[in-house]
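Here's the structure, in structure tokens; my notes come after.
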Amino acid sequence: MIVTFTDFGWQGSYIGQMEAVLRMRAPQVQVVHLQKDAPTWNPRAAACLLAHLVGPFPAGTVFLCVVDPGVGTARRPIILQTPKAWWVGPDNGLMMPAARAQGLLGAWMIPYPETAPSVSFHGRDLFAPAAAGLARGEDPAGDPIALASLVGRDWSPALREVIYVDAYGNLVTGIPGGDMPPSARIGLKGHRIPYARVFGEARPGEPFWYVNSMGLVEVAIRCASAASRLHAGTGTGVVVEGLPGGDADDKGA
Amino acid sequence: MIVTFTDFGWQGSYIGQMEAVLRMRAPQVQVVHLQKDAPTWNPRAAACLLAHLVGPFPAGTVFLCVVDPGVGTARRPIILQTPKAWWVGPDNGLMMPAARAQGLLGAWMIPYPETAPSVSFHGRDLFAPAAAGLARGEDPAGDPIALASLVGRDWSPALREVIYVDAYGNLVTGIPGGDMPPSARIGLKGHRIPYARVFGEARPGEPFWYVNSMGLVEVAIRCASAASRLHAGTGTGVVVEGLPGGDADDKGA
Amino acid sequence: MIVTFTDFGWQGSYIGQMEAVLRMRAPQVQVVHLQKDAPTWNPRAAACLLAHLVGPFPAGTVFLCVVDPGVGTARRPIILQTPKAWWVGPDNGLMMPAARAQGLLGAWMIPYPETAPSVSFHGRDLFAPAAAGLARGEDPAGDPIALASLVGRDWSPALREVIYVDAYGNLVTGIPGGDMPPSARIGLKGHRIPYARVFGEARPGEPFWYVNSMGLVEVAIRCASAASRLHAGTGTGVVVEGLPGGDADDKGA
């Protein structure tokens with residue numbers, strides 16, 4: 001299975017052109033577009049999001065990840081190997097929190113093809129052909145890279161920011177929800193936001209936080225857009241208040 | 001074939017995560033996303049829309065339907081069986097007009113898996129696994145439910161409202177167009193809107209109604225957005241004027 | 001492989017309904033949605049875009065193309081044959097620049113099915129069944145058409161306009177970039193816009209042009225929307241300044 005994670009947007013022909021390359025070169029392989037609107041021009045937020053999305057996939061999955069503001073510059077196109085998966089994308093940190101959580105086994109440069117790729121669409125011209133090859137069972141074609149040289153090798157999978165705004169205007173933060181007590185409050189744009197277990201238990205019009213289906217703290221308003229009401233978006237800072245035995249600075253990112 | 005009908009939006013990773021579960025658990029089965037933007041938080045309008053979309057599918061289709069504002073509360077996750085299809089989703093009426101039109105044969109609870117599902121994403125954690133099982137030919141795993149207990153068992157497939165606004169700003173109503181004479185007018189937001197057979201026969205800038213490709217009355221303006229011009233959206237009331245042998249109240253919803 | 005190119009938008013059920021027909025009638029065939037948001041109601045701009053997207057597909061591809069403001073009127077539903085591909089869509093010029101670039105071998109009318117199609121959704125009712133038949137290896141079912149009678153038979157694959165605005169607000173023009181020297185400037189809405197090779201080499205906030213991954217001149221602003229900043233959109237006129245040995249009028253469209 002090839003799983004794509006990109007910031008191309010659902011508009012235009014970018015996803016379609018990339019998928020066509022995958023299906024031409026690996027016709028027997030399933031392709032799932034996990035997300036088309038990862039945070040644009042923001043590999044750090046996208047890396048945090050990706051790390052919380054890649055748990056349940058089967059062994060051998062090839063993750064094709066393209067949030068790549070440096071396309072056409074000297075940043076390296078790379079392949080990473082973990083015990084469960086292959087990872088194909090730019091060397092800008094995007095894949096590192098997710099891959100490190102599984103355990104990094106190796107890294108390779110992706111060699112440029114004989115036909116020079118476009119300078120702006122390596123998703124189609126470099127990364128998709130590499131992903132298709134791995135999905136067909138081929139070994140990485142390029143030279144190995146030292147793991148210590150990879151960008152983002154010290155990035156945490158947690159981040160004290162809004163990392164994604166969903167279609168309902170809910171604010172997904174980079175804060176793992178597993179250890180958060182219901183008594184904790186989320187500070188965001190001057191609001192101190194309380195917990196609710198589910199939407200049905202929140203009061204209409206009042207912001208609340210809950211642990212979303214990715215295991216992340218998410219700020220929402222029932223039947224309304226938290227992004228609009230709280231004037232927040234990707235990159236808005238978030239603090240945690242009321243953690244037992246510590247304050248916000250002890251936790252997460 | 002598994003056919004999805006959800007209000008997740010095309011944004012984010014909801015569709016991608018759900019599709020990944022389907023493809024992992026039923027890799028030989030085709031998946032078609034029929035609609036990703038069913039009316040949000042509105043099972044009644046969504047039910048009307050769905051009832052007019054499910055005619056041409058082959059026998060054995062599994063409809064995976066998620067418009068589910070009650071996710072995480074006590075509403076039941078269910079499977080319905082009709083002579084032509086399986087239906088998987090919440091017991092909130094969403095699937096009833098469509099399933100009743102085919103003839104309801106049975107209903108089952110979907111049992112919770114050993115790993116507790118998320119409280120907010122039953123599409124991925126409960127409904128997709130159930131749909132994949134049915135698509136592989138398995139029987140429903142849970143306990144039968146009395147048909148008389150199902151929510152929406154008295155819902156009509158017709159509704160005197162705008163039930164969807166499409167990408168062009170056209171206003172899809174819940175009024176079946178089959179019996180509407182060309183002389184009838186649609187009353188909406190104080191306008192009395194005349195008929196045109198096709199867009200090409202309507203006057204630019206003037207609202208008209210026609211019978212759309214789902215067989216529903218749709219209000220449109222050639223080369224413009226009827227939603228913007230008429231200040232209308234999902235839930236806007238609609239009346240029918242000039243029906244032979246009766247008035248609006250005799251017909252439909 | 002069936003490749004779709006439509007202006008249906010990613011919203012609603014249009015793509016889903018059409019895909020369902022393809023998968024029911026040609027279950028062994030791959031389907032790739034190349035673009036869902038081709039320029040609406042604008043076959044000329046869409047034709048230019050399509051001509052620059054169809055290079056790398058394998059022989060035997062069926063292109064299913066629907067930008068069809070004349071649906072339901074007398075315009076003809078047609079099939080075109082080229083050495084590498086089949087083309088299915090309306091006879092309004094949409095497919096002509098792309099097909100002529102490959103070499104037109106023949107054209108056929110698509111006969112109406114026994115069940116009358118809807119008047120507004122020939123993508124589902126006429127074009128998808130025809131595309132599925134060709135993808136299964138069948139011959140065109142309808143009567144041949146004289147090539148000289150086809151709409152758009154004199155359309156160039158180049159156009160001195162903005163033909164698409166992408167998700168980032170970048171302005172894709174219909175001007176092929178292959179022969180453009182870096183010294184040339186693009187005139188658009190009173191601006192004289194210089195060249196940059198890649199986004200990383202452009203100055204933030206300053207518009208620049210570059211040759212995009214389709215080989216077309218594209219006007220962009222790093223980390224901002226050129227469409228918003230320059231008040232431009234599909235149809236905005238574009239001129240080329242500073243071509244060696246000629247002026248703008250010598251080139252392209």
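Proteins come first, then strands; the chains are lettered A, B, ... in the order of their sequence lines, and each starts at number 1. The structure displayed is predicted, hence computed values, not measured ones.
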Parallel, tilted or perpendicular: which describes the rings of C:Tyr168 and A:Trp41, with under 30° parallel and over 60° perpendicular?
-> tilted

Step through the shown structure and confirm whether more than 12 heavy atoms of other residues, nucleotides or ligands are within 6.0 Å of CZ on C:Arg203.
no

Under 4.5 Å to a heavy atom of chain C? For A:Ser13 that would be both

For residues 15-36 of chain A against chain C, heavy atoms under 4.5 Å, the residues are A:Gly16, A:Gln17, A:Glu19, A:Ala20, A:Arg23, A:Met24, A:Pro27, A:Lys36

Turns out that what part of A:Asp125 lies under 4.5 Å from chain C's heavy atoms comes down to neither

The interface call for C:Phe57 against chain A, heavy-atom contacts under 4.5 Å, is both

Check: Where do A:Tyr14 and C:Asp166 land on the side-chain contact (heavy atoms from CB on, under 4.5 Å) test, with the steps shown first?
Finding: CA-CA 10 Å; A:Tyr14 300 115; C:Asp166 81 6; 2.7 Å; yes

Residues at least two apart in sequence or cross-chain that pass salt bridge (Lys or Arg N to Asp or Glu O under 4.0 Å) with C:Arg197, listed by chain then number, are C:Glu201

Just checking A:Asp154: does its CG atom have more than 12 heavy atoms from other residues, nucleotides or ligands closer to it than 6.0 angstrom?
yes

Scored by heavy-atom pairs under 4.5 Å with chain A, the best of C:Trp10, C:Tyr210, C:Tyr164 is C:Trp10

Heavy-atom nearest pair, A:Ser120 first then C:Ser213, reads OG-N, 3.6 Å

All heavy atoms of A:Gln11 vs all of C:Ala167, minimum pair found to be OE1-CB, 3.3 Å

